[in-house]
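To find a chain, count down the sequence lines: A is the first, B the second, and so on, and within it residues start at 1. As the structure is a computational prediction, the values presented were derived from the model and not from experiment.
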There are 2 protein chains.
Amino acid sequence: MFSQIEVTVAGLNGAGAVKCSRDVVVVPDAALEDAAGKGPYDAIVLPGGLKGAESFGQSATVKTLLTDQQKAGRVIGAICAAPAVSLPPHGIGEGKKVTCYPALKDRLDAGKYTYQDQKVVEDGELITSQGPGTAFDFGLALVKKLVDSEKSASVAKAMLL
Amino acid sequence: MFSQIEVTVAGLNGAGAVKCSRDVVVVPDAALEDAAGKGPYDAIVLPGGLKGAESFGQSATVKTLLTDQQKAGRVIGAICAAPAVSLPPHGIGEGKKVTCYPALKDRLDAGKYTYQDQKVVEDGELITSQGPGTAFDFGLALVKKLVDSEKSASVAKAMLL
């Protein structure tokens with residue numbers, strides 16, 4: 001249980017500014033290589049955006065992080081393109097129920113994943129979600145998982161959700 | 001009518017990185033002083049976050065921009081703290097129906113503004129909204145105003161809203 005959740009935004013290719021899929025430019029808190037050495041983390045969460053999700057799917061650092069996270073039974077979250085594009089190349093979440101951006105669901109090998117058309121799907125320590133419009137539900141599911149239902153409800157209320 | 005909306009994110013205190021109210025760090029596309037010289041803009045939109053909204057309310061540049069925008073009959077948008085904290089000091093939107101983050105509604109002089117407890121309030125060219133949980137509604141209302149209902153509906157669908 002935590003009263004607050006401390007978040008580290010990690011940059012895949014260093015600590016420099018990252019232009020996101022809709023041209024917003026975000027500065028990470030740390031380079032992924034540096035952040036990886038400061039784990040373990042209670043949760044590792046992958047954002048969407050197709051190009052970024054593809055880069056996660058090709059990264060050896062991401063593979064190591066997620067594989068260790070999964071072995072340790074810790075939370076992994078992924079939304080939008082990430083469940084379909086970032087997890088399968090690393091063999092993460094196989095055998096589990098997942099969701100993703102619906103147009104990308106065919107990237108999930110049906111023999112390895114069970115796709116569910118829901119805003120958020122939680123199967124054990126894997127939490128997946130569908131896209132921008134389900135991002136609040138996804139975030140609140142993570143708060144509920146990492147803290148509790150009361151915290152999730154109070155955050156939702158303060159955000160006017 | 002536009003097929004795309006081009007957005008300039010302007011930094012109040014220059015073009016350097018800005019730490020937002022929840023510690024996300026965003027890099028503006030331009031300094032506000034530079035962006036101001038490239039107008040007029042079809043819409044000027046003020047984000048929330050209490051400290052940032054207070055800074056907007058104290059800025060002579062923001063006052064000039066919003067006053068000119070209002071005189072020209074162009075769109076002004078404000079969400080969360082901004083309608084209650086950024087607009088009144090500059091005399092923007094007086095006489096209009098507005099909404100804001102509900103806990104801040106007493107900052108709106110009832111003799112000058114009519115508060116409405118709705119997710120989005122549109123009165124002429126002034127569009128206001130309540131907070132994080134109403135941000136998608138706010139954005140879609142701006143798309144509808146600047147483009148049309150079809151574009152707003154197609155964006156909502158693609159975002160899974």
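Shown here is Lys144(B), whose NZ atom has no more than 12 heavy atoms of other residues, nucleotides or ligands within 6.0 Å. Shown here is Lys119(A), whose NZ atom has no more than 12 heavy atoms of other residues, nucleotides or ligands within 6.0 Å. Counted within 6.0 Å of NZ on Lys97(A), heavy atoms from surrounding residues, nucleotides or ligands total 12 or fewer; the atom is thus considered open. No more than 12 heavy-atom neighbours from other residues, nucleotides or ligands sit within 6.0 angstrom of CD on Glu33(A).
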Pair Val27(A)-Val27(B), side-chain contact (heavy atoms from CB on, under 4.5 Å): steps then yes or no | CA-CA 7 Å; Val27(A) 181; Val27(B) 182; 3.4 Å; yes
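Counting heavy atoms from C-beta on, the side chains of Pro28(B) and Val25(A) never come closer than 4.5 Å. Contact of the Leu160(A) side chain with the Pro102(B) side chain is registered, since non-hydrogen atoms from C-beta on lie closer than 4.5 Å.
Contact of Val26(A) with chain B is made through backbone and side chain together, with heavy-atom distances under 4.5 Å. Heavy-atom distances place no part of Ala103(B) under 4.5 Å from chain A, backbone and side chain included.
Asp23(A) and Asp29(B) get closest at one heavy-atom pair: O-OD1, 4.5 Å.
Under the 4.5 Å side-chain contact rule for hydrophobic residues, Leu66(A) and Leu108(A) share a cluster. Under the 4.5 Å side-chain heavy-atom criterion for Ile, Leu, Val, Met, Phe, Trp and Tyr, Leu146(B) and Val45(B) are members of the same hydrophobic cluster.
Atoms CD and CE, from Gln130(A) and Met159(B) in turn, are 14.0 Å apart once rounded to the nearest 0.5 Å.
Most heavy-atom pairs under 4.5 Å with chain A: of the set Ala135(B), Ala158(B), Cys20(B), this distinction falls to Ala158(B).
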